[in-house]
2 protein chains.
Amino acid sequence: MNTAQGARARARIEVTAAIKDEARRQLAAEGAAKLSLRAVARELGMVSSALYRYFPSRDELLTALIIDAYDSLGESAERAHEAAAGAEPLDRWVTVCEAVRGWSLDHPHEYALIYGSPVPGYTAPQTTVPPAARVGLLLIGVVRDAHHTPGGLRTLPPLPEELRPEADRIAADLAPDLPPEAVTALVAAWSQLYGLVGFELFGQFNRVVEARAPFFRHAVRQLGWGVGLR
Amino acid sequence: MNTAQGARARARIEVTAAIKDEARRQLAAEGAAKLSLRAVARELGMVSSALYRYFPSRDELLTALIIDAYDSLGESAERAHEAAAGAEPLDRWVTVCEAVRGWSLDHPHEYALIYGSPVPGYTAPQTTVPPAARVGLLLIGVVRDAHHTPGGLRTLPPLPEELRPEADRIAADLAPDLPPEAVTALVAAWSQLYGLVGFELFGQFNRVVEARAPFFRHAVRQLGWGVGLR
DNA sequence: CACGAAACGAGAGCACTGCTCTCTCAACTC
DNA sequence: GAGTTGAGAGAGCAGTGCTCTCGTTTCGTG
């Protein structure tokens, strides 16, 4: 049904893609704040106003790039996970984390776009939620696999009283089959993973950590251990 | 010697402060990207070009704000630490972390300025390093105190072979009196703290974590436990 | 004290930005 | 084939960072 679309519709798809490609190029080269609609249009041989036929505003273009970035990151992580299919859960956990780190080092500006400060004045629409969840779901999957495997998860220390209801709620939302202690630890570890990546990427580790890959590997292994993997 | 400075010099100090204050106001209101030199000048009743007598560029203004932000955060954390002087190390650790979170929630745009994506194309000069280190030094201090206290630190799991030299180097740089396992865990925990804060601040926890304070408290307590505190 | 240097503020101007509006022309629909 | 819709061009608006020039004020020094 798509193949014999009108010439108009096909052109629209192509131009839209070309705009995103060029925008991504500029994003990679200069960062989000220097992404200029006019420059994109110029590079594509069009005039800036024509671009508004495809994206109603600069923010909408950025949203499109954000979604693509989440998907690109998610796909990287999922591929790495599949490639490690046979391994121990803890090793798969480390593999996924390293894929996140690798993608981030390869796409620093796109990382900044999705996990750095949200572009000021800009709040991401709901559309971005599912792609954004991919890495998280992957990590949940690793822990769930471990849980349903002989040996299972370590027993984690009990949650403090004040956190029990919240932990039950989070667990019910994300992974009802896992113990609340593990799900809570998982959410924390998920965010902490991005602390590690962000600090490396944004220079906070400069003159502090030199051998970044081994450091990262060790840190995320500890993180995995902390959610109950062995 | 400062009191009888020339009228010119005193005026310069005042105007410089006024510029920073107004810039901070705009930063808090709108975020870094919408901080406009012209708007600052306008608000102060000067013309934009006059502002360049005080800051050679917008980036330099931002740098000044970054340093102030680091200092403001550091001071918050230090004050909280002092207020908890008598407590157990682990409790002091949690207190410092909560002070970081509190300051960040109160100053989201300043947090974004220093720990979010670096303003694109911009790399912070060396001047920012000492203020940026304050929170880190505080955390090191807590762990060091614990180490030199009866009971001391937990014995941490041994480091992997590949990380030993790096861990020794980091420990020698930051805290030669602490075991390398602890210093390595400390650096990781330091970055992970900002993962937790950043995710809360930038909306990644929306519709996932609701009771943020208890969640955070628990997570950083685990973090402290992970560096050897008990 | 007076004079020249330095600091300061104002204003005009440049090149750039996101975005809007109007106009024309080609493609599609009925 | 006529009418509707979508695409691109161009001009224009308000805003940005930054530079340059030009009087004025202040200051250190001869």
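Picking from D:dC18, D:dA9, C:dT17 the nucleotide with the shortest atom distance to the side chain of A:Met46 gives D:dA9. Taking the side chain of B:Ser48 as heavy atoms from C-beta on, and the options D:dC18, D:dA9, C:dG18, the nearest nucleotide is D:dC18.
Rounded to an integer number of Å, the gap from A:Glu30 CD to C:dT17 P is 11 Å. One can place CG of A:Leu51 at 18 Å from P of D:dG6, the figure rounded to the nearest angstrom. We find that CZ of A:Arg38 is positioned 13 Å from P of C:dT20, with the value rounded to whole Å. Separating the CD1 atom of B:Ile19 from the P atom of C:dC8 is a distance of 10 Å, rounded to the nearest angstrom. Taking atom CZ on B:Phe55 and atom C1' on C:dC8, their separation rounds to 15 Å, with Å as the unit. Between the OH atom of B:Tyr52 and the C1' atom of D:dT21 there is a distance of 16 Å, given to the nearest Å. Between A:Arg8 atom CZ and C:dA27 atom P there is a gap of 8 Å when expressed in whole angstrom units. Going from atom CD of A:Glu14 over to atom C1' of D:dA7 covers 15 Å, rounded to whole Å.
Taking the ring centroids of A:Tyr111 and A:Trp103, they lie at or beyond the 6.0 Å cut-off.
Residue contacts shown for B:Ser57 are limited to sugar-phosphate atoms, with no base heavy atom under 4.0 Å away. When heavy atoms are screened at a 4.0 angstrom cut-off, A:Leu35 is found touching the sugar-phosphate backbone but no base atom.
Under 4.0 angstrom from either OP1 or OP2 of C:dG9 there lies no side-chain N or O belonging to B:Ser49. An OP1 or OP2 oxygen of D:dA7 is reached within less than 4.0 angstrom by a side-chain nitrogen or oxygen of A:Arg12. OP1 or OP2 of D:dT16 sits under 4.0 Å from a side-chain N or O of B:Arg42. Using a 4.0 Å cut-off, some side-chain N or O of A:Tyr54 falls inside it from OP1 or OP2 of D:dG8. Here A:Arg58 reaches the OP1 or OP2 of C:dG18: one of its side-chain N or O atoms lies under 4.0 Å away. For B:Ser36 and D:dG17, the shortest distance from a side-chain N or O to OP1 or OP2 is below 4.0 Å.
Judged by distance alone, with hydrogens and angles left aside, the side-chain atoms of A:Glu166 form a donor-acceptor pair with the main-chain N or O of B:Glu210 at under 3.5 Å. The backbone N or O of A:Val220 sits less than 3.5 Å from a side-chain atom of A:Trp93, completing a donor-acceptor pair.
Counting distance only, with no hydrogens placed and no angle test, the side-chain atoms of A:Arg53 and the base atoms of D:dG8 include a donor-acceptor pair under 3.5 Å.
The distance from atom OG of B:Ser117 to atom CG of A:Leu113, rounded to the nearest 0.5 Å, is 8.0 Å.
Residues A:Gln204 and B:Ile114 come closest through the heavy atom pair NE2-O, 4.1 Å.
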